[in-house]
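In listed order, ligands and their atoms are each counted from 1.
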Amino acid sequence: MAGPRITVVQDGEELARVAADLVADVISAIPAASIVAATGKTPMGLYAELAARRRAGILDTGAISAVQLDEYLGLEPDDDRSLLGWLQRSFLEPLGVGDDRVLRLPVDGDLDTACAAFDRTVEARGIDLAILGLGPNGHLGFNEPPSDPKSPTRVVELTPITLEANARYWGEGAEVPSEAVTLGMPHLLSARTVVLVIAGGGKRDIARRALTGPIGPEVPASFLQQTDAAVIVDRDAWGEP
Ligand code: F6R
């Protein structure tokens, strides 16, 4: 295994373009690709670029499907702060992916049983592409530290660092839900293609730890060092190329 391929880009525009080229390559090779797509700020330019390519008729997303990466627990079904709502607005709708082509994480009922069933379904289907961001504590999806390569799809307690980082998406005075469900690590680490996008000076320490530091559950993203993930990182997060 050669390890991750790290591309350092100048800014958000180049990050979006370089990452979109990789995503487009996967979709052209596998038109019915099964795709995991993170929410969060970092991949938004990438999703806008993909939507622009679709509108221009140079990217056909008509057969792709999506597997949900993470979701808060305890929200009303129509709360537009849900991660599914965010995914719909930023990725699914702009790329024309209808509800029938989205595998949603379970958010109620017997979650242990439902998460185990979800894992079996995802395992049978396989993930062709995982588009991931890097959490401030090294999380992937909501696989909070400690998470190891075998950590399954499950309910997680969000750590204070994640709650603080995500507060900016919740609006004045609102409390970020402290429980969530996340797709498990094995699906992310075994995706045929992983594209990890990282941007901003605030990610500098964690980006270095994840990609060059010791590999272990305290930095879940460090397990990507054992894969050939494509990492697109901007200069602010990586330092000068
Ligand atoms: C969200 C997700 C998270 C984010 C990460 C980085 O679906 O999977 O792991 O990717 O927290 O978020 P941003 O890009 O907002 O810094």
Peer 1: Could you walk me through whether Arg235 and Val8 pass the side-chain contact (heavy atoms from CB on, under 4.5 Å) check?
Peer 2: CA-CA 6 Å; Arg235 260 179 22 167; Val8 183; 4.1 Å; yes
Peer 1: Please enumerate all residues that pass salt bridge (Lys or Arg N to Asp or Glu O under 4.0 Å) together with Arg192, with sequence neighbours excluded.
Peer 2: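 Listed in chain order: Asp128.
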Peer 1: Quick one: side-chain contact (heavy atoms from CB on, under 4.5 Å) partners of Leu22, sequence neighbours excluded?
Peer 2: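 Only Val195, Ala230, Ile232 meet the side-chain contact (heavy atoms from CB on, under 4.5 Å) criterion with Leu22.
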Peer 1: Kindly indicate whether a cation-pi arrangement holds for Arg204 with Trp238, taking the cut-offs as under 6.0 Å to the six-membered ring centre and within 45° of the axis.
Peer 2: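 Pair Arg204/Trp238 does not count as cation-pi.
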Peer 1: Backbone N or O of Thr159 within a donor-acceptor pair of the Glu144 side chain at under 3.5 Å?
Peer 2: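 Between the backbone of Thr159 and the side chain of Glu144 there is a qualifying donor-acceptor contact (under 3.5 Å).
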Peer 1: The criterion is ring-ring contact (aromatic ring centres under 6.0 Å, His included); which residues satisfy it with His187, sequence neighbours excluded?
Peer 2: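 If we apply the ring-ring contact (aromatic ring centres under 6.0 Å, His included) test to His187, skipping adjacent residues, there are no hits.
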Peer 1: Just the distances, no angles: every ligand 1 N or O to protein N or O pair closer than 3.5 Å, one line each.
Peer 2:
{"residue": "ligand 1", "atom": "7 (O)", "partner": "Thr39", "partner atom": "N", "Å": "2.9"}
{"residue": "ligand 1", "atom": "7 (O)", "partner": "Thr39", "partner atom": "OG1", "Å": "2.8"}
{"residue": "ligand 1", "atom": "7 (O)", "partner": "Asp70", "partner atom": "OD1", "Å": "2.8"}
{"residue": "ligand 1", "atom": "7 (O)", "partner": "Asp70", "partner atom": "OD2", "Å": "3.1"}
{"residue": "ligand 1", "atom": "8 (O)", "partner": "Asp70", "partner atom": "OD2", "Å": "2.9"}
{"residue": "ligand 1", "atom": "9 (O)", "partner": "His139", "partner atom": "NE2", "Å": "3.1"}
{"residue": "ligand 1", "atom": "9 (O)", "partner": "Gly141", "partner atom": "N", "Å": "3.4"}
{"residue": "ligand 1", "atom": "9 (O)", "partner": "Gly141", "partner atom": "O", "Å": "2.8"}
{"residue": "ligand 1", "atom": "11 (O)", "partner": "His139", "partner atom": "NE2", "Å": "2.7"}
{"residue": "ligand 1", "atom": "14 (O)", "partner": "Lys41", "partner atom": "N", "Å": "3.2"}
{"residue": "ligand 1", "atom": "14 (O)", "partner": "Thr42", "partner atom": "N", "Å": "2.9"}
{"residue": "ligand 1", "atom": "14 (O)", "partner": "Thr42", "partner atom": "OG1", "Å": "2.5"}
{"residue": "ligand 1", "atom": "15 (O)", "partner": "Lys41", "partner atom": "N", "Å": "2.8"}
{"residue": "ligand 1", "atom": "15 (O)", "partner": "Arg168", "partner atom": "NH2", "Å": "3.3"}
{"residue": "ligand 1", "atom": "15 (O)", "partner": "Tyr169", "partner atom": "OH", "Å": "2.6"}
{"residue": "ligand 1", "atom": "16 (O)", "partner": "Lys203", "partner atom": "NZ", "Å": "2.7"}

